[in-house]
Amino acid sequence: MTAEPQIPGADVQVPTRMLVEALVRADLTVDTGELYATGNLLGMTDQQVRLCIKRLVAEGRFTHEGRGRKATLRATGATERMLGLDVEFVAHAFRQDAGLAPWDGTWHLVAFAVPETARAARDALRAALTRLGGAPIQGGLYISANPWEPYVQDHARDLGVLGHLTVATTRDLRQGEEDDPAALARTLWPLAEIAERYHRLTAIAEPRLDRLRDHAGLSEAERLTIAVELAAEFTRAIEPDPLLPPQLLPQPWPGGQARALLAQCWALLAEAAAPASRESTRVFRLYDDMTRTAEARR
């Protein structure tokens, strides 16, 4: 097997779990032959991939049909919902970059008082609020700059704690004597840390963009490897990002630059990809809208 040419720039560590999610196809299945082959190109052993599959099945994230490299993984309903949210959040980020989702000045608040007897559900709700971009203000009170109520209520309903939830909005938020929205955002969210993740994404994307422009000798498997590396690094950057409106962010914000570079990479990857991969593999479908939105912006 020919190894992928070394690409300058920061090394990308792709967790096996992230690789599995990247290779989910339109019918919510994963071909384990493709999974093992791509994992090998990324430096993963068959044993690493095999153990990850077992963990995902044990967690109820996927079901497993068949054996070895001829098996099929099928995403469960919970995994399907999570992947759907990823698509929505990615699309929202690029709408913001294009100036299509301006902030209306409204803060969205969620308060909860879940009893100690439901501690596990309370902890899961906190984790969900953080993943949805919320920041804690005080005990049991979280805030977002985006209209997140439907997502929050769905999570609370699934956890059986919807009756312990209160939602509200305000255009008049003050902490101590501070009421400037951008200053409040700097206090509530770790923007410096998030910015550093986007700087890293830029360092990852730039040399891969050069490699894709000089595409001679790149095989389909190598293109897929680059796609998975970019998706992994983008996931690391966007997962802790609350996707604050530009009005609340320091300018220039590195997230926009990194996403623009990623869109250029993705346009070249999609252009060169085999039709079957482009139409069926989630890692391509996830960023199709992203590329179109970025192109419309230019």
Side-chain angles (χ1 to χ4, degrees), residues 1-76 78-80 82-83 86-87 90 200-201 203-205 207-209 211-212 215 217-239 262 265-266 268-270 272-287:
M1 180 181 297
T2 303
E4 179 188 3
Q6 291 297 307
I7 301 175
D11 291 334
V12 181
Q13 297 298 319
V14 180
T16 48
R17 178 181 298 256
M18 201 173 288
L19 171 62
V20 175
E21 292 175 356
L23 296 183
V24 173
R25 299 179 295 196
D27 62 358
L28 299 176
T29 64
V30 178
D31 181 304
T32 56
E34 183 178 53
L35 177 61
Y36 280 106
T38 307
N40 293 159
L41 280 173
L42 289 165
M44 300 175 189
T45 65
D46 285 3
Q47 179 69 357
Q48 284 177 286
V49 176
R50 192 176 300 115
L51 289 174
C52 180
I53 291 172
K54 288 184 177 179
R55 285 194 298 271
L56 291 171
V57 171
E59 292 171 10
R61 298 282 304 280
F62 289 85
T63 60
H64 188 266
E65 305 164 9
R67 299 180 55 138
R69 291 176 179 256
K70 294 184 179 180
T72 298
L73 303 180
R74 189 175 301 277
T76 61
T79 300
E80 181 181 3
M82 183 199 72
L83 297 178
D86 288 345
V87 173
V90 168
R200 175 178 165 81
L201 175 58
I204 294 293
R208 283 159 179 78
L209 179 58
R211 185 77 178 93
L212 290 166
H215 56 79
L218 271 181
S219 69
E220 181 69 16
E222 288 163 353
R223 289 191 187 92
L224 181 57
T225 300
I226 292 175
V228 171
E229 288 177 330
L230 291 171
E233 208 57 48
F234 182 51
T235 298
R236 288 192 183 94
I238 201 170
E239 274 190 344
L262 191 65
C265 290
W266 214 259
L268 293 171
L269 282 164
S277 294
R278 190 170 59 248
E279 294 169 8
S280 67
T281 307
R282 173 185 172 265
V283 77
F284 283 102
R285 293 183 296 110
L286 178 59
Y287 299 110

Check: How many angstroms lie between CZ in R61 and CD in E21, if you round to the nearest 0.5 Å?
Finding: 5.0 Å
Item checked: Closest heavy-atom pair and its distance - L212, C265 -> CD1-O, 3.7 Å
Next item on the list: Work out which heavy atom in R211 is nearest to a heavy atom in I226; give both atom names and the distance.
Entry: CG-CD1, 4.4 Å
Next item on the list: Quick one: pull up CZ in F62 and CD1 in I53 and give me the separation to the nearest 0.5 Å.
Entry: 9.5 Å
Notebook entry, point to check: Out of D31, L35, T29, T63, which residue meets the side chain to side chain contact (heavy atoms under 4.5 Å, CB included) rule with L73?
Noted result: L35
Item checked: Spatial distance of atom CD1 (I204) from atom CG (L262) [nearest 0.5 Å] -> 11.5 Å
Check: Of the non-hydrogen atoms in A71 and H64, which two are nearest, and what is the gap between them?
Finding: CB-NE2, 3.7 Å
Next item on the list: Please lay out, stage by stage, how V24 and E80 fare under the test side chain to side chain contact (heavy atoms under 4.5 Å, CB included).
Entry: CA-CA 10 Å; V24 173; E80 181 181 3; over 6 Å; no
Margin query: Determine whether a donor-acceptor pair (N or O, by modelled atom type, separation under 3.5 Å) exists between the side chain of T32 and the backbone of G68.
Written below: yes
Margin query: So L230 and L269, do their side chains get closer than 4.5 Å, heavy atoms only?
Written below: yes
Next item on the list: Look up atom OG1 in T76 and atom CG in L28, then write down how far apart they are to the nearest 0.5 Å.
Entry: 9.5 Å
Notebook entry, point to check: Can you find a pair of side-chain heavy atoms, one from R17 and one from E59, that are under 4.5 Å apart?
Noted result: yes
Note to self: Distance check, rounded to the nearest 0.5 Å: T235 atom OG1 versus M18 atom CE?
What the structure shows: 5.0 Å
Item checked: Distance, nearest 0.5 Å, that separates CD of E34 from CG of L19 -> 9.0 Å
